[in-house]
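Report on the structure given below.
Read the numbers this way: they start at 1 and go in the same order the structure lists the ligands and their atoms. Just so it is clear, the structure is predicted and the values come from calculations on it, not from any experiment.
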Amino acid sequence: MNRKAKIAVFASGSGSNFEAIEEACRNGDLHAEIVIVVTDQPAAFVVERARQVDARIVAFQPKAFQSKNAYEEAILRELNDVGAEWLVLAGYMRLIGPVLLTAYQSHIINIHPSLLPAFPGKDAIGQAIAHGVKVTGVTVHLVDAGMDTGLILAQQAVDVVDGDAEKTAEVIHAVEHELYKDTLNVLFRR
Ligand code: GAR
C-alpha cells in the first residue's frame, strides 16, 4: 500500500466537509492525512471543529496582508513547513491566486454544490432553486484561476426536494461527503 497523501484542507465556513474528510482519514476510508487546516475566516465554525480533533490550523486574515500574493506566500510557507502535497478546498470561498496555483499545479481540488458549469460561485443551491431546476448536484473538480471552472473529475446528480433550499442542501451535503472521499481516493492511490 502506498503511503498516505498529505493534505491541507482549506475552508471558510461550517466545515462539514472538513469533518467528513477528517473522519474518513481517521477510519482509514480515505488514504490521506490532514497535515493542516487553512481558513480565511478565523471565526468560522470549521476552526472549532479543527480544534476538537487537534488539527493544526492556520487562520490568516487576507486583509492583514498587502496583497493576495503576500497572503498566499504566508500560507505557502505553512504548507511547506508541514509538507502538504494536495490542497483540498472544502467550502473555501476565495479564488486561488497565482502563488498557490503555481506551487500546487494540478494538485488543488474543489467541491461545489451544483452540476457545473451551472451555478458557479456563491449560494449555488439558492441559485438552483431560484431557477426552478428539478435536478442539481455536486461537482468535484481541479482548481484553476477561474471561479469553479477547472477540469471536472466527478459529478453526481441530486433531485431538488420540494423546491426547498434547506431540504435540498441536506441531501447535497450528504452526497458531497461521499463523493469527495471517493474522488480523492482515486487521485491519491495513483
Ligand atoms: C459546500 O456545500 C461546498 O460545496 C461549498 O461550500 C459548502 C461548504 O460547506 N463550496 C462552494 O460553494 C465553492 N464554490 P461546509 O463548510 O459544511 O463543508
Side-chain angles (χ1 to χ4, degrees), residues 7-26 29-30 32 34 36-53 55 57-59 62 68 72 75 86-97 100-101 104 107-131 133 135-161 164-184 187:
I7 66 175
V9 177
F10 281 52
S12 306
S14 102
S16 77
N17 277 282
F18 159 73
E19 190 169 273
I21 291 167
E22 194 280 329
E23 202 178 304
C25 288
R26 205 160 10 93
D29 291 337
L30 178 56
I34 298 175
I36 200 162
V37 177
V38 177
T39 186
D40 58 337
Q41 301 289 336
F45 191 56
V46 67
V47 172
E48 184 57 38
R49 294 199 213 237
R51 279 206 188 108
Q52 276 167 18
V53 295
I57 311 163
V58 165
K68 188 179 182 95
E72 290 200 343
I75 293 174
W86 295 85
L87 310 190
V88 175
L89 310 192
Y92 183 68
M93 304 307 272
R94 194 167 284 279
L95 285 177
I96 300 293
L100 291 178
L101 283 172
Y104 282 90
H107 284 68
I108 312 178
I109 320 297
N110 184 41
I111 191 157
H112 184 76
S114 75
L115 293 176
L116 289 171
F119 312 131
K122 286 188 182 151
D123 192 20
I125 300 171
Q127 292 184 55
I129 300 292
H131 276 78
V133 300
V135 177
T136 181
V138 174
T139 302
V140 178
H141 64 95
L142 284 182
V143 171
D144 62 14
M147 169 97 72
D148 302 316
T149 50
L151 180 78
I152 291 171
L153 300 173
Q155 289 189 306
Q156 190 169 324
V158 171
D159 286 339
V160 169
V161 186
D164 182 275
E166 226 170 277
K167 290 183 192 169
T168 306
E170 212 172 293
V171 183
I172 284 193
H173 286 309
V175 168
E176 284 189 327
H177 300 164
E178 286 301 305
L179 189 67
Y180 218 1
K181 170 174 59 83
D182 293 345
T183 311
L184 292 172
L187 285 174

Just distances here: any N/O of Tyr92 and N/O of ligand 1 closer than 3.5 Å?
-> no
Nearest non-hydrogen partners of [X] and [Y], listed with the distance:
X	Y	value
Ile109	Tyr180	O-OH, 3.1 Å
His112	Pro120	NE2-CA, 3.7 Å
Val160	Asp164	CG1-N, 4.4 Å
Phe18	Ala55	CZ-CB, 4.5 Å
Pro113	Ile172	CB-CG2, 3.8 Å

Backbone, side chain, both or neither: what part of Lys122 comes under 4.0 angstrom of ligand 1, heavy atoms only?
-> neither
For ligand 1, the portion of Ile172 having any non-hydrogen atom under 4.0 Å away = neither
Taking the non-hydrogen atoms of Met147, is any one of them nearer than 4.0 angstrom to ligand 1?
-> no
Given [options], which one has a non-hydrogen atom that is nearest to [atom]?
atom	options	result
atom 5 (C) of ligand 1	Ala124, Ser16, Pro113	Pro113
atom 16 (O) of ligand 1	Ala169, Ser12, Gly15	Gly15
atom 18 (O) of ligand 1	Ile111, Asn17, Thr139, Leu95	Asn17

Determine yes or no for a side-chain-to-main-chain donor-acceptor pair under 3.5 angstrom, with Gln155 supplying the side chain and Ser114 the backbone.
-> no
Looking at [atom], what's its closest protein heavy atom, distance included?
atom	result
atom 7 (C) of ligand 1	Gly91 CA, 4.2 Å
atom 13 (C) of ligand 1	His112 ND1, 3.5 Å
atom 4 (O) of ligand 1	Glu176 OE2, 2.4 Å

State, without any angle test, whether Ser16 and Arg49 hold a side-chain donor-acceptor pair at a distance under 3.5 Å.
-> no
